[in-house]
Number of protein chains: 2
Amino acid sequence: MMQAGEAEISHGTDMVSDEAMHDFLGYSLKRAYMSVRRETAGAMEDFGLKVRSFSALTLIVANPGISPSLLAEVLQMERPNVVLIIDELETRELISRTRDPKDRRRFALNATLRGKHVQQKTAAAAAAREEKITARFTAQEYEMLKVFLRRIGA
Amino acid sequence: MMQAGEAEISHGTDMVSDEAMHDFLGYSLKRAYMSVRRETAGAMEDFGLKVRSFSALTLIVANPGISPSLLAEVLQMERPNVVLIIDELETRELISRTRDPKDRRRFALNATLRGKHVQQKTAAAAAAREEKITARFTAQEYEMLKVFLRRIGA
DNA sequence: TATTGTTATACTCTATAACTATA
DNA sequence: TATAGTTATAGAGTATAACAATA
């Protein structure tokens, strides 16, 4: 069954659609995710951040003193990849890396004043872009959607 | 605000959470997508298919005679990448590639009998895995979720 | 012994440029 | 001149193995 707004592509006399794949929740989720990402990634790049750098910076702002290992766990990334992101954020002086005196293996990550500013600006720009999409929902629908997504997500 | 089921990770006396990122729809969508994908990717690999090979095979089964270019457009992939997937499916004799006599630049892609069988088995296995997750929803909730996702997706 | 951070590396996925054959 | 399919390649993003410092 065809749904309003679905892209159909002509194919001889017929139409081609991806309807068969929409039987899978994963496919619908990916399409939705990619659609939102296309919007927000642009906003983040305007401030020199990739999506994952912005995610890391946001979590460091929200969780001052977090260690790289915890950050990797929360973001569901491997430790070596987190190191690269932290390097980038530190080079741009958006965060600082200081030894934890209680456990000298660990680093405590903290956003600099500049980092906090960049995070705020970028978050506002990304949120504005998301509103292009979330405007398609009533407040009640949007709340339901968020609840549903968090019921699925790890 | 913390929500039921959210992962919290201890961090000194505090807890670390990714709550700040859930302000962004894109983040919640990605978490949900990755969660479903982890389930279904395993099922597909059991039948020797990657997620994208399965998607291509499914669309070829559903749209007999589709061309590589149309397949790329529907799957939102670049043409060169589709060629690799088609090569793989053809080598495994799951699809056939025949010249379109009306436009000899084009190929018509069709699933072989074997390809149709593999697609059915894989789809059933993937659907069974998705049910682990969709069981968290009432039928009504699940229908709403699908409608919401298609309202977002391209 | 185990863990944190790190380095180097490999693998997958995706994107771009340029070619050929057909139109 | 434009399009379909292809090739080669480059760039992200992600994953694994192994090491030094610390616990």
Side-chain angles (χ1 to χ4, degrees), chain A residues 9-12 16 26-27 30-31 33-34 37-38 41-42 44-45 48-56 60 65-91 95-109 154, chain B residues 9-12 16 26-27 30-31 33-34 37-38 41-42 44-45 48-56 60 65-91 95-109 154:
Chain A
I9 298 169
S10 81
H11 167 233
V16 171
Y27 185 78
K30 180 174 186 178
R31 301 283 285 214
Y33 164 57
M34 294 302 288
R37 189 193 161 92
R38 271 192 295 273
M44 292 172 187
E45 281 161 22
L49 292 173
K50 296 170 187 172
V51 173
R52 55 191 197 154
S53 319
F54 172 73
S55 302
I60 292 167
I66 190 174
S67 69
S69 279
L70 276 179
L71 191 56
E73 191 172 347
V74 175
L75 285 177
Q76 298 183 176
M77 299 176 53
E78 295 303 317
R79 264 74 50 114
N81 299 324
V82 168
V83 172
L84 302 178
I85 297 171
I86 291 172
D87 284 346
E88 176 199 324
L89 293 174
E90 193 188 30
T91 299
I95 65 166
S96 66
R97 217 191 312 223
T98 57
R99 286 275 177 204
D100 180 344
K102 290 169 185 167
D103 182 345
R104 292 184 43 74
R105 290 173 304 182
R106 289 178 179 268
F107 280 114
L109 305 175
Chain B
I9 299 168
S10 82
H11 166 235
V16 171
Y27 186 78
K30 179 172 186 180
R31 300 285 285 214
Y33 164 58
M34 295 301 289
R37 187 193 161 91
R38 270 192 296 273
M44 292 171 187
E45 281 161 23
L49 292 173
K50 296 170 188 172
V51 174
R52 55 190 197 152
S53 320
F54 172 74
S55 303
I60 292 168
I66 189 174
S67 69
S69 280
L70 277 178
L71 191 56
E73 191 172 346
V74 175
L75 285 176
Q76 297 182 176
M77 298 177 54
E78 295 304 317
R79 264 75 48 112
N81 300 323
V82 168
V83 172
L84 302 178
I85 297 171
I86 291 173
D87 283 346
E88 176 199 324
L89 293 174
E90 193 188 30
T91 298
I95 65 167
S96 66
R97 217 191 311 223
T98 57
R99 285 274 176 203
D100 180 343
K102 292 171 184 167
D103 182 345
R104 291 183 45 72
R105 290 173 303 183
R106 287 177 181 269
F107 280 114
L109 305 176

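So you know, we letter chains A, B, ... as the sequences are listed, proteins then strands, and number each from 1. Values in this document were obtained by computation on a predicted structure and should not be read as measured data.
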Looking at every non-hydrogen atom in both residues, tell me the closest pair between B:Pro68 and B:Phe107 and how far apart they are. CD-O, 3.6 Å
List for me each residue that meets side chain to side chain donor-acceptor pair (under 3.5 Å) alongside A:Glu45, sequence neighbours excluded, and say none if there are none. none
For A:Tyr27, enumerate each residue passing the side chain to side chain donor-acceptor pair (under 3.5 Å) test, keeping only those at least two apart in sequence or located in another chain. A:Asp18, A:Arg31
Name the residue closer to the 5' end of DNA chain D, choosing between A:Gln76 and A:Lys102 according to the nucleotide with the nearest heavy atom. A:Gln76
Would you say the side-chain atoms of B:Arg99 pair up with the backbone N or O of B:Arg104, donor to acceptor, closer than 3.5 Å? yes
Footprint string (nucleotides 1-10 of chain C, 5' to 3'): B base within contact, S backbone only, - free, heavy atoms under 4.0 Å: -BBSSBBB--
Interatomic distance, [X] [atom1] vs [N] [atom2] [rounded to whole Å]:
X: B:Ile85; N: D:dG5; atom1: CD1; atom2: C1'; value: 15 Å
X: B:Lys50; N: D:dT14; atom1: NZ; atom2: P; value: 17 Å
X: B:Ile95; N: D:dG5; atom1: CD1; atom2: P; value: 12 Å
X: B:Arg37; N: D:dG13; atom1: CZ; atom2: P; value: 16 Å
X: B:Glu78; N: D:dT7; atom1: CD; atom2: C1'; value: 15 Å
X: A:Tyr33; N: C:dC13; atom1: OH; atom2: P; value: 15 Å
X: B:Arg104; N: D:dA2; atom1: CZ; atom2: P; value: 24 Å
X: B:Asp100; N: C:dT22; atom1: CG; atom2: C1'; value: 12 Å

Mind checking whether A:Leu49 and A:Leu89 have side chains closer than 4.5 Å, heavy atoms only? yes
Between B:Lys102 and B:Asp100, is there a salt bridge with N-O shorter than 4.0 Å? no
